[in-house]
2 protein chains.
Amino acid sequence: MKIKPEYCNVHDALSILVGKWKPIILLYLMSEGTMRYGELKKALVGITPKMLTNQLRELEEEGLINRKLYPEVPPKVEYSITEYGMTLKPILDSMHEWSMQHKKRKLENTID
Amino acid sequence: MKIKPEYCNVHDALSILVGKWKPIILLYLMSEGTMRYGELKKALVGITPKMLTNQLRELEEEGLINRKLYPEVPPKVEYSITEYGMTLKPILDSMHEWSMQHKKRKLENTID
DNA sequence: AGATATAGTATCCAAAAAGATACTATTGGA
DNA sequence: TCCAATAGTATCTTTTTGGATACTATATCT
């Protein structure tokens, strides 16, 4: 059997999740609920405005988060997880769980 | 609450899985069992030897796959998934499942 | 009139990931 | 003696991703 990355579903799922700040943003919105742009910017230590906007836009494009613009001045924009975005929660949770075990395992194997 | 990517377990789990060919290699070894370097190279259409070696080494370093070298000439090397690597299967399976739903959903929303 | 607050853009630069391509060691067999 | 087979290395280039930093629009408040 011959295969290419483009035909791999896991590869595609990963490409949606990957991005330096995407998992964090998703987890954050999943647990904290609605947040404004500025709040996210404060919470995500070290993120640049360009990156924040970029990651939010990409998540929005996949339908995972919602962007609500209030027509005020100064502007107010609220981000929240969509119902659809919540379908990722079990996967993120199991990755979180696996990662913790993995780190534990690494420590155990570092007897040197 | 303030957060950084380095403190996010999901981020870390992803970084182990990410790499253009890693998910494919894992899935392949999970389903096909043991494979030689040359067999993998033939199966993974378009991969360069450098990339193949690189991805295999990184997976091996995490303990997910096994490298068995037979001291023959010409050399013979067999790769297989480890028992530990198999603990990732449920996660990969759910990502596969999610990705399929996601594509279906995208098609439905493309009525334009 | 000028400062303030918010949610971004725009531009340029650095680092990381991936691709192309050629090369190597070894030894059993023709 | 020279070639084939296998599992890689080595080197250079391109592409992708992320970082630094400065700038903008605009109604309101003083």
Side-chain angles (χ1 to χ4, degrees), chain A residues 2-8 10-12 14-26 28-29 32 34-62 65-80, chain B residues 3-8 10-12 14-26 28-29 34-62 65-80:
Chain A
K2 317 241 172 193
I3 32 181
K4 300 183 183 182
E6 307 88 277
Y7 302 152
C8 175
V10 174
H11 179 267
D12 294 343
L14 282 170
S15 73
I16 290 172
L17 254 31
V18 165
K20 186 163 177 187
W21 302 87
K22 282 187 197 172
I24 290 193
I25 292 173
L26 287 174
Y28 216 86
L29 294 180
E32 306 283 317
T34 294
M35 293 192 78
R36 295 183 58 174
Y37 181 90
E39 290 181 291
L40 282 168
K41 193 155 168 326
K42 244 167 266 166
L44 307 180
V45 179
I47 199 170
T48 63
K50 179 186 134 190
M51 265 308 267
L52 179 51
T53 302
N54 164 274
Q55 304 278 288
L56 289 170
R57 291 288 141 83
E58 292 186 12
L59 292 171
E60 195 194 354
E61 273 207 0
E62 299 295 339
I65 67 172
N66 203 270
R67 178 177 185 271
K68 183 167 181 187
L69 166 69
Y70 293 81
E72 306 173 358
V73 169
K76 174 177 175 183
V77 178
E78 281 182 352
Y79 290 92
S80 56
Chain B
I3 32 178
K4 299 182 185 184
E6 309 87 277
Y7 302 152
C8 175
V10 174
H11 179 266
D12 295 342
L14 282 170
S15 73
I16 289 172
L17 255 30
V18 165
K20 186 161 176 187
W21 302 88
K22 283 186 195 170
I24 288 193
I25 291 173
L26 288 173
Y28 216 87
L29 293 180
T34 294
M35 293 191 79
R36 295 182 59 174
Y37 181 89
E39 290 181 292
L40 282 169
K41 194 157 168 328
K42 243 167 270 167
L44 307 180
V45 180
I47 198 170
T48 63
K50 180 186 136 193
M51 264 309 266
L52 179 52
T53 301
N54 164 274
Q55 304 279 288
L56 288 170
R57 292 287 143 83
E58 292 187 12
L59 292 171
E60 193 195 355
E61 273 208 358
E62 299 296 340
I65 67 172
N66 203 270
R67 178 178 185 271
K68 183 168 182 188
L69 166 69
Y70 294 82
E72 306 173 358
V73 169
K76 175 177 173 183
V77 178
E78 281 181 352
Y79 291 93
S80 57

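In what follows, every chain begins at residue 1, and chains take the letters A, B, ... in the order their sequences are listed.
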* Nearest-Å distance for atom pair CE/P, residues B/M51 and C/dT21 -> 17 Å
* Asked: On DNA chain D, nearest-nucleotide positions of A/P75 versus B/K41: which is more 5'?
  -> B/K41
* Asked: Nearest heavy-atom pair of A/P75 and A/R36: which atoms, and what distance?
  -> O-NH2, 3.6 Å
* Asked: Could you give the CZ-to-P distance, from A/R57 to C/dA7, as a whole number of Å?
  -> 12 Å
* Nearest-Å distance, NZ (B/K50) to P (C/dT21)? -> 13 Å
* Any side-chain heavy atom of B/I3 within less than 4.5 Å of one from A/L44? -> yes
* Asked: Rounded to whole angstrom units, what separation is found between the CD1 atom of B/I47 and the C1' atom of C/dA20?
  -> 14 Å
* To do: Round to the nearest Å and state the distance from B/L69 atom CG to C/dT26 atom P.
  => 14 Å
* Let me know the distance between CG of A/L52 and P of C/dA7, rounded to the nearest Å. => 10 Å
* Indicate the atoms forming the closest heavy-atom contact of A/Y28 with A/A43, along with that distance. => OH-CB, 3.4 Å
* Asked: Of all nucleotides in DNA chain D with an atom under 4.0 Å from a non-hydrogen atom of chain B, which is the first and which the last going 5' to 3'?
  -> D/dA5 to D/dC12
* Heavy atoms only: give me the nearest A/L14-B/P23 pair and the separation to one decimal. => CD1-CG, 3.5 Å
* With sugar-phosphate meaning primed atoms plus P, OP1 and OP2, does A/Y79 contact a base, only sugar-phosphate, or nothing at under 4.0 Å between heavy atoms? -> sugar-phosphate
* Asked: Within less than 4.0 Å of OP1 or OP2 of C/dT6, is there a side-chain N or O belonging to A/R36?
  -> no
* To do: Provide the closest heavy-atom pair for B/T34 versus B/S80 in the form atom of the first, atom of the second, distance.
  => OG1-CB, 3.7 Å
* Rounded to the Å, how far apart are B/K20 NZ and C/dG19 C1'? -> 8 Å
* Rounded to the Å, how far apart are A/E72 CD and C/dA7 P? -> 10 Å
* Asked: Are the side chains of B/Y7 and A/I24 in touch, meaning some heavy atoms are under 4.5 Å apart?
  -> no
* Asked: Heavy atoms, side chains only, cut-off 4.5 Å: are B/K22 and B/V18 in contact?
  -> no
* To do: Quick one: label A/G19 by what it contacts on the DNA or RNA (base, sugar-phosphate, nothing), any heavy atom closer than 4.0 Å.
  => sugar-phosphate
* Residue mapping more 5' on DNA chain C - nearest nucleotide basis, A/P49 or A/V73 -> A/V73
